[in-house]
Amino acid sequence: MDDRLEKLEADARKLVEDYVATSPYELNPNSKHVDKIIKSLAKKKRNKGFFYCPCRMLSDDKETDAKIICPCEYHKEEIEKDGICSCDLFVSSDYKPASAV
Ligand code: SF4
């Protein structure tokens, strides 16, 4: 892996860890999935300039796309409804993975 991507992955990890430290949410207990999303966020930053949501399409309109910089504008509603955000990165504090129910 190139040094820049490695640094961006560390930045993405800090971003999501700082967010869970200051929000009511937690990281998905599936750490492999979290690692995958962090890698995807780092690639978005490298290729597109921001930590854009890995599971949403960019519109190429900066104002519209600003809404999908992680943590995106939609995750609170998604977590409230489903217990988990669209990328399965952040979860509610009482989230139970489907297989464990
Ligand atoms: S869906 Fe989740 S991972 Fe994707 S940008 Fe929103 S908060 Fe971040």
Point to revise | Non-hydrogen side-chain atoms of Y25 and I79 separated by less than 4.5 Å | key: yes
Practice item. Sort and list the pairs that fulfil side chain to side chain donor-acceptor pair (under 3.5 Å) and have at least one residue in residues 65-79, not counting sequence neighbours. Key: Y19-H75, R56-E78, S59-D65
Point to revise | Rounded distance (nearest 0.5 Å) linking atom NZ of K32 with atom NZ of K36 | key: 12.0 Å
Exercise for review: Name all residues meeting the salt bridge (charged side-chain N to carboxylate O under 4.0 Å, His left out) criterion together with D11; count only those two or more places apart in sequence or in a different chain, and write none if there are none.
Suggested key: K7
Study note, to complete from the structure: Closest non-hydrogen contact found for S86 with C55 is OG-SG, 3.5 Å
**Study point:** Distance, nearest 0.5 Å, that separates CG of L27 from NE2 of H33
**Key:** 10.5 Å
Exercise for review: Under the side-chain contact (heavy atoms from CB on, under 4.5 Å) rule, collect the residues that match up with K44, sequence neighbours excluded.
Suggested key: Y52
Check your understanding: Should we say atom CZ of F50 is surrounded by more than 12 heavy atoms from elsewhere, each under 6.0 Å from it?
Key -> no
Exercise for review: Kindly work out whether a path of hydrophobic side-chain contacts (I/L/V/M/F/W/Y, heavy atoms less than 4.5 Å apart) joins F51 to I38.
Suggested key: yes
**Study point:** Hydrophobic cluster membership, L15 vs V20, 4.5 Å side-chain cutoff
**Key:** yes
Exercise for review: Please answer whether the main-chain N or O of D18 pairs with a side-chain N or O of T22 as donor and acceptor at a distance below 3.5 Å.
Suggested key: yes
Practice item. Might you work through the side chain to side chain contact (heavy atoms under 4.5 Å, CB included) test for L5 and K39, ending with a clear yes or no? Key: CA-CA 8 Å; L5 195 56; K39 282 183 199 301; over 6 Å; no
Exercise for review: Step by step, work out the side chain to side chain contact (heavy atoms under 4.5 Å, CB included) result for D88 and I37.
Suggested key: CA-CA 8 Å; D88 297 350; I37 297 297; over 6 Å; no
Practice item. Could you walk me through whether C87 and C53 pass the side chain to side chain contact (heavy atoms under 4.5 Å, CB included) test, one step at a time? Key: CA-CA 8 Å; C87 292; C53 183; 3.2 Å; yes
Review point. Quick one: CG on L8 to CG on L41, what's the gap to the nearest 0.5 Å?
Key: 10.5 Å
Exercise for review: May I ask you to test the C70-L89 pair for a side-chain heavy-atom distance under 4.5 Å?
Suggested key: yes
Point to revise | Interatomic spacing from NZ in K48 to NZ in K43 - rounded to 0.5 Å | key: 14.0 Å
Review point. Are F90 and I84 side-chain neighbours, meaning at least one heavy-atom pair lies under 4.5 Å?
Key: no
Review point. Are any non-hydrogen side-chain atoms of P29 and P97 less than 4.5 angstrom apart?
Key: yes
Revision key, fill the gap. Interatomic distance, CG@D94 vs CD@E26, rounded to 0.5 Å, equals 9.0 Å
